[in-house]
Protein chains: 2
Amino acid sequence: MAEVSEEATRVSGIADVARLAGVSKSTASRALSGSGYVSPATRERVTAAAVALGYVPSTNAQSLATGRTQNVGVVMPYVNRWFFAEVLEGIQSALLERGLDLTLYDATPGSDRRRRIFDDFLARKRFDGLIAVGLEPQEDELDRMLSFDKPVVSVIGSSPRTSVVTIDDEDAASRATGHLLALGHTRIVFLGGGAGARDHHVEASRVRGYREAMAEAGLAHEVRHLPATLSMPDGYAAAVDLLSDPRERPTAIVAACDEVAIGAMVAARRLGIQVPAGLSIIGIDDHEYADMFALTTMQQIPREQGATAVELLIRQIEDPAAEVVDVVLKPRLVVRSSTAPLGRGAVPRIDAAG
Amino acid sequence: MAEVSEEATRVSGIADVARLAGVSKSTASRALSGSGYVSPATRERVTAAAVALGYVPSTNAQSLATGRTQNVGVVMPYVNRWFFAEVLEGIQSALLERGLDLTLYDATPGSDRRRRIFDDFLARKRFDGLIAVGLEPQEDELDRMLSFDKPVVSVIGSSPRTSVVTIDDEDAASRATGHLLALGHTRIVFLGGGAGARDHHVEASRVRGYREAMAEAGLAHEVRHLPATLSMPDGYAAAVDLLSDPRERPTAIVAACDEVAIGAMVAARRLGIQVPAGLSIIGIDDHEYADMFALTTMQQIPREQGATAVELLIRQIEDPAAEVVDVVLKPRLVVRSSTAPLGRGAVPRIDAAG
DNA sequence: TTGAAAGCGATACCAC
DNA sequence: GTGGTATCGCTTTCAA
């Protein structure tokens, strides 16, 4: 390693570029950053010199001088769940397109790590803005993020103090329930959410949407919510409980998300219950696996939510006075074959598409 | 926003701390960074002043002065696959413990984005070291990463030029196959891998392990590899093909990874084939869902691989002369109930644990 | 043990 | 249009 770097040409700075182009540092800087007057001829010479030297500006020096870091911080509670991973990818590509780096803060809820992230790491302000994914009501954390005096955009969750990108969770759950009602189901259970100690905004909204749809259909007495973490294994376990007793068994399930829905499907099959013949299941997400499980679901596209969040953030970085906006997406119903009219469910086809 | 920042106290720098403590900037710096001589009394006064002012050093200025960024770059092809997400979490927590930031470069294979990451982003050298996860043989990309003259550690893949953390893929597949052979199976198919254009090192090694185990058992003529992407939907689709024709059907499957294995299980159930009664399936990973699907598998713990990678990297950052090492982990067999002796498979139990 | 001053590598204001 | 120079905030010799 040592011998390589000794032979290698010293990394060149803007001073080298200026020298080679026969201009001053200031002119070189102006020519390269594109701000300020430089004659076309000079600009060309400087650019050529930069290319010739393989000049790469030091972002550190730039940041020091300008106060801009060219970097965006992303705070999210998990990275190993479909929704979050997709949002992350959406954010990443939107950022890359604009030449911005992404610093990830994986802040598992309730962990010491999370506290440290908020107390120490974020305080370094190595970002021009922050995207908070699924941080939920936690007011103190939001306070903290806003205290840095840099723009913040939330994905998921409602906050009057930041721009927000989210789906209308209540509406999504309500329409999912409506789909089942339209198929003639009345014994409809809502599965998942409300399992943790804290009140999760997304989960609560979805439960509410379900409740209201049931109430509107005059089925308030049939309302039944079975809590579970928003994960496939937990959805599976909860569904096994739910479905084991034939007398208590519903004819349809609205799952809090696709992972839970798929867990429920697996449980149903394990118990010998045909889906959708014996049980209809609808989810919310349109998860990567939804197609293979032929899952009917309310589709959201987290990748686009991530990209939108970046857009909103950039806007605010460029113009701090830009207004805070909410982008509320309406998921669309994607019908596959995990739902069927009550009592007339067809046995699912067997092929790659499910 | 403007009015807030105007009322707020100006963010304080080390100069303010020094002034408050009644010492010079240099002394303050020494006291805070812990390098160089400072009398205990002075140190205390400086520390107190720093706390009083809520001083947070500017990492940019620090980096500019020291050349250290306090930041590690992580390059990985996906973030939405179990293995990668887990490795990422492992890396993140190890980094946070040491006060280092993590910049993520999600370099989807073959994308323009990926090229840009290598050409432009990495070139900024905003990191003290790089962790490359699953970058595979790509020599040119490795060249590029090494050209920055900063330490690089790979997770997965073998490279004589960087430290590597990986499992012994060949051994894993070979032992997985051995497990099936021991149960009396002979018609064993290897499912997954080898689907893309490029030769994926991990996949190739696993296939080889399978081949050799079969050959050693005198079953070279039974060797059969069905390609598929390492994803659940693809594993599912490939398995549907494989299992549809009863005459061609194997009695056991070694899957290239758990996602493929689970896809195959779902396919089997869809086709009415009992697992393990009619078909044994073994995977490699010990995926989050393995338990719920009662999948027998060769366990690896990617989270720990990530943490190990961080350790190796730090060591090299602190001592560039530190030797390059390979950490090769041996997965252990976790027997659940997706595998059974040939012809005597029990019907799986029905409970939460699978 | 402490302080003064010279960088680190850019940007940006202000003359020319 | 272009160049000189102060500046961003910290670290780090080198004297004292």
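Note that the structure is a prediction, hence the values are computed from the model and not measured. Below, chain A is the first sequence line, B the second, and so on; all start at residue 1.
A donor-acceptor contact closer than 3.5 angstrom is absent between the side chains of B/T69 and B/S63. Defined by atom type and a distance below 3.5 Å, a donor-acceptor pair is missing between the side-chain atoms of A/S154 and A/S159.
Partners of B/D120 according to the salt bridge (charged side-chain N to carboxylate O under 4.0 Å, His left out) rule, which considers only residues two or more places apart in sequence or in another chain, are B/R116. Applying the side chain to side chain donor-acceptor pair (under 3.5 Å) rule to A/T308 yields no partners; only residues at least two apart in sequence or on another chain are considered. In this structure, A/F83 has no ring-ring contact (aromatic ring centres under 6.0 Å, His included) partners at least two apart in sequence or on a different chain. Every side chain to side chain donor-acceptor pair (under 3.5 Å) that A/S26 has, sequence neighbours left out, goes to A/S24. Every side chain to side chain donor-acceptor pair (under 3.5 Å) that B/R114 has, sequence neighbours left out, goes to B/E141. Remark: A/R43 engages no residue in a salt bridge (charged side-chain N to carboxylate O under 4.0 Å, His left out) (not counting sequence neighbours). A/R45 pairs by the salt bridge (charged side-chain N to carboxylate O under 4.0 Å, His left out) definition with nothing, not counting sequence neighbours. By the salt bridge (charged side-chain N to carboxylate O under 4.0 Å, His left out) test, B/R161 pairs with B/E139, B/D143, sequence neighbours left out.
The residue among B/R30 and B/L64 whose nearest nucleotide of DNA chain D is located toward the 5' end is B/L64. For the pair B/T66 and B/T27, nearest-nucleotide mapping onto DNA chain C gives the more 5' position to B/T27. Across the interface with DNA chain D, nearest-nucleotide mapping of A/S26 and B/S26 shows A/S26 to be the residue nearer the 5′ end.
Nucleotides of DNA chain D that come within less than 4.0 Å of any heavy atom of chain A span, from the 5' end to the 3' end, D/dG1 to D/dG9. Running 5' to 3' along DNA chain C, contacts with non-hydrogen atoms of chain A at under 4.0 Å begin and end at C/dG9 to C/dA12.
Taking five base pairs at each end of the helix from C/dT1-D/dA16 to C/dC16-D/dG1 and finding the rotation axis that steps the C1' atoms of four pairs onto the next four gives two axes whose angle is 40°, to the nearest 10°.
Salt bridge annotation for A/R124-B/D101: present, with a cationic side-chain nitrogen under 4.0 angstrom from a carboxylate oxygen.
Judged by a 6.0 Å distance limit and a 45° cone about the ring axis, B/R81 is not positioned over the six-membered ring of B/F84.
The shortest distance between side-chain heavy atoms of B/R315 and B/V310 does not fall below 4.5 Å.
Near DNA chain D, meaning a heavy atom under 4.0 Å from it, residues 31-63 of chain B has B/Y55, B/P57, B/S58, B/A61, B/Q62 in order of number.
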